[in-house]
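Report on the following structure.
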Amino acid sequence: MYTLAVCAEMLFLDLPMDERVRRLHDAGFQAEIWDWTRHDLDALARTPAEFSSMTGYIRGSLTDEEGAAELLRTAEESIRAAERLGCPRLNLHGTGLDDKGLPVTPATGDPTGPMWITAHHTLTRLAELAESAGVVFTLENLNTAVDHPGVPFATAADTLALVQAVDRPGLRMNLDLYHAQIGEGNLIELVRKAHALHLIGEIQVADVPGRREPGTGEINYPAVARVLKEIGYEGTVAMEAWASGDSELALERFRSAFTL
């Protein structure tokens, strides 16, 4: 069966990050973080937490040569940081990051042909870096209707197309079902398709609307869990969601939704 992980950036907000990941470890979850430069890596490494994913770059983008060069340079720094935490996956987006480690909102509109070519070339080089280092970069789909307007290569369809076109083991898709529900829906068929293509690096979840834990919105996550079992998914399912109330309750709701 799959492994459960939780984004430490979004729960136990009154605690320092090293205590947050300890809480997650004690509750039986792996931990995920965003921009690693905002955290004390030595303090995190001293915890017993097992890290599942972190942001794989500091600056840069996929859409232009200058941004791509910066993305590749900071991705190399991120690989070294991931090695300190024993973190196997480094997450990517089609745009840069703000001061909170979240994808910025550029005014790019639909990506042009040259942007697609640049993105493909950059992702191929990232995959080569990952394979040399023994890690995997994951490209995350985002929604443009609510959270990330203007971000290129945001839809699950675009993200999947890029990962499939690169076709390297060092690049996989971070299939975020919260974003996919807002942008495209048809989640179960999307999971089946991406899994059949062997392109899923990780699955992230939150409920809609509100980006809260499973069970607070419209997505039938127990049905998704049954499909994951049916298809034999053995990767990571990570909750990247704000707690609707108590963080401990959010963890239990997440565990319950994905325990069969």
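Using a 4.5 Å heavy-atom threshold, the side chains of Ile203 and Val224 count as separate. Two residues are said to be in side-chain contact when any heavy atoms from C-beta on lie closer than 4.5 Å; Asp64 and Ser61 meet this criterion. Contact of the Leu126 side chain with the Tyr57 side chain is not registered, since no non-hydrogen atoms from C-beta on lie closer than 4.5 Å. No side-chain heavy atom of Met1 sits under 4.5 Å from any side-chain heavy atom of Leu228. For the pair Asp176/Leu142, no side-chain contact is recorded, criterion being any heavy-atom separation below 4.5 Å from C-beta on. Under the 4.5 Å side-chain criterion, counting only non-hydrogen atoms from C-beta, Arg89 is not in contact with Asn174. With contacts defined as side-chain heavy-atom distances shorter than 4.5 Å, the pair Glu65/Thr118 qualifies. Side-chain contact check for Gln30 versus Leu24: every heavy-atom pair is 4.5 Å or farther apart.
Distance check, rounded to the nearest 0.5 Å: OG1 of Thr159 to CG of Leu139 gives 4.5 Å.
Annotation: ring-ring contact (aromatic ring centres under 6.0 Å, His included) contacts involving residues 240-260, sequence neighbours excluded, comprise Phe29-Phe254, Tyr221-Phe258, Phe254-Phe258. Listed by first and then second residue, the salt bridge (charged side-chain N to carboxylate O under 4.0 Å, His left out) pairs involving residues 235-253 are Arg23-Glu248, Arg211-Glu240, Glu213-Arg253, Glu252-Arg255 (not counting sequence neighbours). Among pairs with a residue in residues 129-141, those fulfilling side-chain hydrogen bond (donor to acceptor under 3.5 Å, both in side chains) read Asn91-Thr138, Asn91-Glu140, His93-Glu140, Glu131-Arg168, at least two apart in sequence or across chains. Listed by first and then second residue, the ring-ring contact (aromatic ring centres under 6.0 Å, His included) pairs involving residues 166-214 are His148-His179 (not counting sequence neighbours).
No hydrogens or angles considered: nothing links the side chains of Ser247 and Arg20 as a donor-acceptor pair under 3.5 Å.
By the neighbour-count criterion of 12 heavy atoms within 6.0 Å, atom CD of Glu70 is densely surrounded, having more than that number from other residues, nucleotides or ligands. Within 6.0 Å of CD in Glu66 there are 12 or fewer heavy atoms belonging to other residues, nucleotides or ligands.
The two atoms that bring Leu260 and Ala225 nearest to each other are CD1-O, 3.5 Å, heavy atoms only. Scanning all heavy atoms of the two residues, the minimum distance from Leu171 to Val163 falls at O-CG1, 3.7 Å. Closest of all the heavy-atom pairs between Val191 and Ile200 is O-CD1, 4.0 Å. Between Ala75 and Phe137, the closest heavy-atom pair is CB-CZ, 3.8 Å. Scanning both residues, Asn143 and Gly183, for their nearest heavy atoms gives CB-N, 4.4 Å. Minimum heavy-atom separation, Cys87 to Val135: O-CG1, 4.0 Å.
Residues that satisfy the side-chain hydrogen bond (donor to acceptor under 3.5 Å, both in side chains) test with Ser78, not counting sequence neighbours, are Trp36. Shown here are the salt bridge (Lys or Arg N to Asp or Glu O under 4.0 Å) partners of Arg172, two or more places apart in sequence or in another chain: there are none. Shown here are the side-chain hydrogen bond (donor to acceptor under 3.5 Å, both in side chains) partners of Arg46, two or more places apart in sequence or in another chain: there are none. Residues satisfying the salt bridge (Lys or Arg N to Asp or Glu O under 4.0 Å) test with Glu32, not counting sequence neighbours, are none. Residues passing the side-chain hydrogen bond (donor to acceptor under 3.5 Å, both in side chains) test with Thr3, sequence neighbours excluded: none. Residues meeting the salt bridge (Lys or Arg N to Asp or Glu O under 4.0 Å) test with Glu189, sequence neighbours left out: Arg192. Under the side-chain hydrogen bond (donor to acceptor under 3.5 Å, both in side chains) criterion, Glu218 pairs with Gln181, not counting sequence neighbours. Listed by chain and number, the residues in a ring pair (Phe, Tyr, Trp, His ring centres under 6.0 Å) with Trp34 amount to none (sequence neighbours excluded).
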Evaluation steps, side chain to side chain contact (heavy atoms under 4.5 Å, CB included), between Leu92 and Phe153: CA-CA 11 Å; Leu92 304 168; Phe153 316 116; over 6 Å; no
Evaluate the side chain to side chain contact (heavy atoms under 4.5 Å, CB included) criterion for residues Leu197 and Met173: first the C-alpha distance (whole Å), next the side-chain angles of each, then the deciding distance (0.1 Å), finally the verdict. CA-CA 11 Å; Leu197 293 170; Met173 181 180 184; over 6 Å; no
For this session: Could you please spell out the steps behind the side chain to side chain contact (heavy atoms under 4.5 Å, CB included) verdict for Asp18 and Asp40?
Result: CA-CA 8 Å; Asp18 60 331; Asp40 183 339; over 6 Å; no
Apply side chain to side chain contact (heavy atoms under 4.5 Å, CB included) to the pair Arg84 and Asp42, showing each step before the final yes or no. CA-CA 8 Å; Arg84 293 173 64 184; Asp42 290 334; 2.5 Å; yes
Let me see the working for Glu77 and Arg73 under salt bridge (charged side-chain N to carboxylate O under 4.0 Å, His left out), right down to the final yes or no. CA-CA 7 Å; Glu77 295 180 40; Arg73 189 186 69 76; 2.7 Å; yes
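Both Leu15 and Val6 are assigned to one and the same hydrophobic cluster, defined by single-linkage of ILVMFWY side chains at heavy-atom distances under 4.5 Å. Hydrophobic cluster membership is shared by Leu160 and Ile231, with clusters built from Ile, Leu, Val, Met, Phe, Trp and Tyr side chains linked at under 4.5 angstrom. No continuous path of hydrophobic side-chain contacts links Val136 to Leu85 [ILVMFWY only; heavy atoms under 4.5 Å].
Thr47 places no side-chain N or O within 3.5 Å of a backbone atom of Arg22 that could act as its donor or acceptor partner. Proximity of a side-chain donor or acceptor of Asp207 to a complementary backbone N or O of Arg212 within less than 3.5 Å is not detected. Thr63 places no side-chain N or O within donor-acceptor distance of the main-chain N or O of Ala119, the cut-off being under 3.5 Å. A donor-acceptor pair under 3.5 Å is absent between the side-chain atoms of Glu202 and the main chain of Ser53, judged by distance alone.
With respect to the salt-bridge test (charged N to carboxylate O, under 4.0 angstrom), the residues Arg125 and Glu128 do not qualify.
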